Amino acid sequence: MVNMSNKIHIHDLFFIILLLLLSWLYNYPNILQSGPWMPHMWRQADCLSLTQNYATGDIGFFTPEVHWTGPSGNGKTISEFPLIYYTVGKIWGLTGRNYAIYRIIDILLVFLGLFSLYKISDSILKDKYWAYFIPLILFSSPALVYYTNNFLANAPALGLALTGSWIYILYAQNKQKKWLWISIVIFTLAGMIKITSMIIVVAMLGYLTINALVDLSQRKPNFRKYLSDILPFIPVFMIIVLWVMYTKNYNAHNNEHIFLQGLYPIWDLNTTQINDILNKFYFNVLPSFFNKTTLVVILLIFIADIVFLIRKGQRELLLVPIVFTGVILYLLFWFQALNQHDYYLINLLIFIPVTLIAFLTELRIRVPKLFKSPVFKLIAAILLGLLIGKTTLINRIKYNVEDPLLKANIVFKALTEEDFKFWNYKQTKYSQTLEALDSITPYLRELGIKRNDLVVSIPDVSINITLFLMDQKGFTGYGYSETKGKIGERMEAFKKIGAKYLIVNDSSAVNSEEFKPYLSNKIGEYKNVQIYELETP
């Protein structure tokens, strides 16, 4: 029987210390003050743009906007429930833009989830070693490590889902209604922030439903119990559906297609397209999700769980195939995003702890000597150490190819020569172009350029990267497809909408003859950035 406790003990403090040590290894302290970074700087800048507009714009919670001015004449758009954006934005309104505040809030939400997973594992397995091992192996995922200390909502949503699971188990143990309703609130927030975090909630609901059907088939009806178990989850899904409906309506009346919403299923593709995505997924995206060799081991453990289930294992083993089914359905429904969007996979990580906890539970019952074996635990520790070492190098190289700890690659062999060349190029390019934009805002204001004065910022194929860095409303190379490749028409279209200035962070982008008419009135220069005033049409 699960025995949960909501008290903090010395073992809990030790686990928190382990998380802090891993944070140091993963270079979190030095990254805290960094702005949006690669990979997926584009999506990070969108999140930061929403946050900055909450900080400085006169907008309400339910009417968010970004810096990019769309065809509708404003930057109004919405995706996930903006609780984090709004909270950080209001803090920034008092402190000024501070990346560390945002990163720390996301880290705390994920760490709370990992701590909750530790408590769940401890209560089920009744073994401190394995209780530490389960969340720590999850925290060796390169994607989770990168996005925990980041600006996207996927990792915090996973953290909330894990936290809700712990609180729900507290309710299952002592039947105190407060824990039930607290868990329902947390699950609802997790699902509104990222609906994919609902995999564990759907699995729990499926498990409760199957339990009810089994009891009914055995003529043990207890309708009051079934209703008390299942009905509290109904508001969770109702509220999430209402939120999705609101976002679709809001975007339909403002700016659509900025954020990926809806399904991107495999059945809309032909065989060539499917094979192309599978190739990119296997070689580029999957290694970011989790170490591929370890994934094979986890899949073998999953098969063992199914065998245990068939051979009269504990009924809780049903969670494993239910979660697995959810993972497969998710991959099919959002298949088209799997060619590059590794953060789409973060909430699929729930499969790993569910599979491992189920396996270790059966080992504890069926083969207790192996479960307690020091040799078995040592092998698991070595595996964990290798995974953490590799992820440490993978995370550190993204920010600094000259990081001293990268010398350990001789041992871990996590990085190739191509990795060093790639990240050296990215970091050098950033320092030569975008870096100056993150500190240019005071200079723009000295020139008399107000925040809401529309600018054309180039080069920038994203929606908000350069505009956010400058905290400037306007246009980039994104959108307005009817003028793509037609520089003169595009610039004139922006001027008609209200663009007053052209800001260039890389002079090679304006070498074309068509740009010359827009470069005649230079009003400022900041490091590598050139600023031009455009003639009023």
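The structure presented is a predicted model; accordingly, all values stated were derived computationally and were not measured. For the numbers below, each heavy atom of this structure counts, side chains included, while hydrogens, waters and symmetry mates do not. Sequence positions, counted from 1, serve as the residue numbers for this chain.
The shortest distance between side-chain heavy atoms of Thr391 and Tyr146 does not fall below 4.5 Å. No side-chain heavy atom of Ile503 sits under 4.5 Å from any side-chain heavy atom of Val456. Using a 4.5 Å heavy-atom threshold, the side chains of Tyr54 and Pro82 count as touching. Residues Asp268 and Gln336 have side chains in contact (heavy-atom distance under 4.5 Å, counting atoms from C-beta outward). Inter-residue side-chain proximity for Tyr518 and Glu492 is flagged as met; some heavy-atom pair is nearer than 4.5 Å.
Aromatic rings from Tyr86 and Phe61 are positioned such that their centres are separated by under 6.0 Å. Here Tyr344 and Trp334 keep their ring centres 6.0 angstrom or further from each other. Residues Phe139 and Phe111 place their aromatic rings such that the two centres sit under 6.0 Å apart. For Phe62 and Tyr250, the distance between ring centers is not under 6.0 angstrom. Ring to ring, Trp267 and Phe335 are not that close: their centroids are 6.0 angstrom or more apart.
Partners of Glu65 under the side-chain contact (heavy atoms from CB on, under 4.5 Å) rule, at least two apart in sequence or in another chain, are Asn53, Ile59, Lys76, Lys473. In terms of the side-chain contact (heavy atoms from CB on, under 4.5 Å) criterion, residue partners of Tyr282 (sequence neighbours excluded) are, by chain and number, Leu286, Lys292.
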Problem - Steps toward side chain to side chain contact (heavy atoms under 4.5 Å, CB included) verdict (Trp243, Ile78) - result: CA-CA 11 Å; Trp243 173 252; Ile78 196 169; 3.4 Å; yes
Handout entry: Test side-chain hydrogen bond (donor to acceptor under 3.5 Å, both in side chains) applied to Tyr330 and Asn347, step by step
Key = CA-CA 10 Å; Tyr330 176 85; Asn347 282 285; over 6 Å; no
Exercise for the section: Show your reasoning for whether side chain to side chain contact (heavy atoms under 4.5 Å, CB included) applies to Asn464 and Tyr478. Expected result: CA-CA 9 Å; Asn464 287 299; Tyr478 177 84; over 6 Å; no
Exercise for the section: Verify side chain to side chain contact (heavy atoms under 4.5 Å, CB included) between Leu138 and Leu162, making sure each step is shown before the conclusion. Expected result: CA-CA 12 Å; Leu138 192 69; Leu162 291 171; 4.3 Å; yes
Exercise for the section: Start with the C-alpha gap between Lys398 and Lys426, add the side-chain angles, then the distance that decides, and say whether side chain to side chain contact (heavy atoms under 4.5 Å, CB included) holds. Expected result: CA-CA 9 Å; Lys398 293 173 183 176; Lys426 288 290 186 181; over 6 Å; no
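Side-chain atoms of Thr433 and Asp506 include no donor-acceptor pair closer than 3.5 Å. No side-chain N or O of Tyr343 forms a donor-acceptor pair with one of Asn150 less than 3.5 Å apart. The closest side-chain donor-acceptor pair between Asn251 and Asn254, if any, does not fall under 3.5 angstrom. Neither side chain, Gln340 nor Lys280, offers a donor N or O lying under 3.5 Å from an acceptor on the other. Asn521 and Tyr501 are not linked by any side-chain donor-acceptor pair at a separation below 3.5 angstrom, with hydrogens and angles left out of the test. The closest side-chain donor-acceptor pair between Thr77 and Asn255, if any, does not fall under 3.5 angstrom.
Note on ring orientation: taking the six-membered ring where Trp is involved, the planes of Tyr430 and Trp37 are perpendicular (angle over 60°, cut-offs 30° and 60°).
Distance check: Asp419 CG to Asn424 CG gives 12.0 Å after rounding to the nearest 0.5 Å.
Taking 4.0 Å as the cut-off between side-chain N and carboxylate O, Glu513 and Lys516 count as a salt-bridged pair. Ion pairing between Arg97 and Asp471 fails under the 4.0 Å rule for side-chain N and carboxylate O. Using a cutoff of 4.0 Å between basic side-chain nitrogens and carboxylate oxygens, Glu80 and Arg43 are scored as salt-bridged.
The cationic group of Arg490 does not satisfy the cation-pi geometry with Phe475, failing either the under 6.0 Å distance to the six-membered ring centre or the 45° limit from the ring axis.
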